[in-house]
Amino acid sequence: MSKAVQKLDDYRWLLPQDYKPGMRVPGIIYADEALMEAIMKDLSLEQVANGAFLPGIVKASFAMPDIHQGYGLPVGGVVATNVTDGVVSPGAVGYDINCGVRLLRTELTKEEVRPRLKELVSALFHEIPTGVGSRGRIRLGRKEMETPLLTGAAWAVKQGYGEPADLACMESGGCLPDADPEAVSHKALERGSSQLGTLGSGNHFLEVQTVAEIYDPHAAGVLGLFEGQVTVMIHTGSRGLGHQVCTDYLVEMERAIVKYGIELPDRQLACTPWNSREAKAYLGAMRAAANFAWNNRQCLAHWTKEVLLKVLGISPRALGLSTVYDVAHNIVKVEEHEVDGRRMKLAVHRKGATRAFPPGHPELPAHYQAIGQPVLIPGDMGRASFVLVGTGAMEQTFGSTCHGAGRVMSRHAAIRAAKGRVIHRELEDQGIIVKASGWESLAEEMPEAYKDVTQVVTVVHRAGLSKMVARLRPMGVIKG
DNA sequence: ATGTTC
């Protein structure tokens, strides 16, 4: 019976190490009974087990309650490898390097914005490039790409997009050090050259929201959030540039596993020893792509502010827009963690998982030291999104929590299920104005295609990975 | 996620 998944408590499940011969550590899944049922329907658990084969993995292959099947590792997976004898795996980061979420606060209430909402959503949709292959107003030559890739969002701020204060409100200050633009292929640079300040497609969105409920008044106060307030959430990543970096290095990793004799149950997890030439190159390129994504969200936030000012016809002071935080949920980072009582330097791969460091952690900005790292959880466009803060994830999951709702329907299944329905009308009946590039992109993303995000965050809250601060309700959404 | 099967 040990070969089956075992329930540890109300929110934790164990995938024993003998679930699949060759696992170096067990798997741990965070979920309640209902979410576990959904998780067992695809190959997620198999992929959690496969992650446990990665050389140098420590503690366990972790999965968050929003996991679903992905490329190699499930989306919602966390694996940490020892940097002395472990590996780095692009499939355990994902195609959309530094896919992430940014939350902006305003001084406005929903009553003040509601009368202009339709106009606002139309203007945002008009001004912000959305959809696959969308191009923005910034055009950079290959040489001009170097600084944004090296210096992160500080580049956008220097260009006049946003303010220096934004940088302190971003994970890692909006820049991963040791990025190497030279390790990014010409093809990747070319794809990225016109994509700064573009939203993309799929589950990426820009949403005008209102704070519907506060669970933790102290943390909400520190974050500048109050009930009835209007916020803006931006969910996007590194676009074609990051996708191309992942594609390029997966080819390289295929060669590396042969060269270094690494055996894996799934080639999609192809990886390379941490101290190899291939790892150095991938990490340099991955960090450059992460910095591109931070610039992308920085530019999008700036244009969002411009549109808000123009449509609402108010002063910047009356708008009171500022950055609450900006998180990366597809990334690999070198961090120090305690494992079996020993401090270790680890490569923490978070693929569809959010860092959630506790209060007092040295990597947090001074103004958030008391509350812990802000966690931004985008839900579906009909229900809710959440703000949480880090609590006790350090001892459990290398300081990681969930990243979203997680799909329950494939894109294809969602389109089939939505046939004959008018999704934007259904949402409008609930007071949510949606603009998307087409019927299909809305059908793929309809609320029923996702798990209930409230259920997901309840699990991470009760399991002590992070603490619920506020629930945000969608008012207006633009989608690729 | 993605110039959505170079």
Side-chain angles (χ1 to χ4, degrees), chain A residues 42 44 47 66-77 89-102 129-136 138-140 142 145 184-206 234-252 254 268-269 285-286 289-290 292-294 296-297 300 327-332 349-354 378 380-381 403-407 409-416 436-445 449-450 478-480:
Chain A
D42 63 21
S44 295
Q47 294 187 325
D66 49 336
I67 57 163
H68 54 94
Q69 202 177 316
Y71 182 90
L73 199 72
V75 176
S89 172
V93 172
Y95 271 93
D96 191 2
I97 295 164
N98 192 2
C99 183
V101 187
R102 189 181 184 103
T130 59
V132 174
S134 54
R135 309 178 78 189
I138 298 172
R139 300 297 158 98
L140 299 177
R142 194 183 295 157
M145 294 285 278
V184 179
S185 69
H186 285 178
K187 199 172 174 185
L189 291 173
E190 211 162 281
R191 289 180 68 175
S193 65
S194 61
Q195 292 189 319
L196 276 179
T198 65
L199 197 57
S201 70
N203 64 358
H204 290 167
F205 65 77
L206 188 153
I234 298 169
H235 178 204
T236 186
S238 51
R239 309 283 289 107
L241 184 141
H243 191 276
Q244 190 63 46
V245 166
C246 184
T247 303
D248 291 340
Y249 282 94
L250 282 170
V251 176
E252 186 117 352
E254 289 275 340
Q268 293 188 349
L269 280 172
M286 190 281 308
F292 182 83
W294 270 313
N296 189 26
R297 291 194 288 273
L300 285 166
V327 307
H329 57 218
N330 280 13
I331 206 157
V332 53
H349 300 67
R350 296 188 181 90
K351 180 186 187 180
T354 314
D380 65 75
M381 56 189 167
H403 88 304
R407 294 196 80 90
M409 275 184 212
S410 69
R411 298 186 181 284
H412 192 73
I415 288 171
R416 229 180 311 130
S437 32
W439 178 87
E440 283 207 346
S441 61
L442 271 186
E444 287 179 358
E445 292 295 315
Y450 284 90
I478 70 166
K479 295 267 313 166

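Below, chain A is the first sequence line, B the second, and so on; all start at residue 1.
- Look at A/Ser201 and you'll find a side-chain N or O under 4.0 angstrom from OP1 or OP2 of B/dT2.
- Note on A/Arg239: a side-chain N or O is less than 4.0 Å away from OP1 or OP2 of B/dT2.
- For the pair A/Asn98 CG and B/dT2 P, the interatomic distance rounds to 13 Å; values are reported in whole Å.
- The line from OG of A/Ser238 to CZ of A/Arg297 is 8.5 Å long, rounded to the nearest 0.5 Å.
- If you measure from atom CD of A/Glu445 to atom P of B/dT2, you get 11 Å, rounded to the nearest angstrom.
- The interatomic distance linking A/His243 (NE2) with B/dC6 (P) rounds to 11 Å, in whole Å.
- Nucleotide B/dT2 holds its P atom 12 Å from the CD1 atom of A/Ile97, rounded to whole Å.
- A/Lys187 comes within 4.0 angstrom of a nucleotide base, judged by non-hydrogen atoms across all strands.
- Remark: aromatic rings of A/His403 and A/His235 are distant, center separation not under 6.0 Å.
- At whole-Å resolution of the value, NE2 in A/His204 and P in B/dT2 are 5 Å apart.
- Taking atom CD of residue A/Glu190 and atom P of nucleotide B/dT2, one finds them 18 Å apart after rounding to whole Å.
- The nearest whole Å value for the distance from the OH atom in A/Tyr95 to the C1' atom in B/dT2 is 9 Å.
- Rounding to the nearest 0.5 Å gives a distance of 7.5 Å between CD of A/Gln47 and CG of A/Asp42.
- A 6.0 Å sphere centred on CZ of A/Arg135 holds no more than 12 heavy atoms belonging to other residues, nucleotides or ligands.
- For A/His235 and B/dT2, the NE2 to C1' distance is 14 Å, given to the nearest whole Å.
- At the heavy-atom level, A/Glu440 lies nowhere under 4.0 Å from the strands shown.
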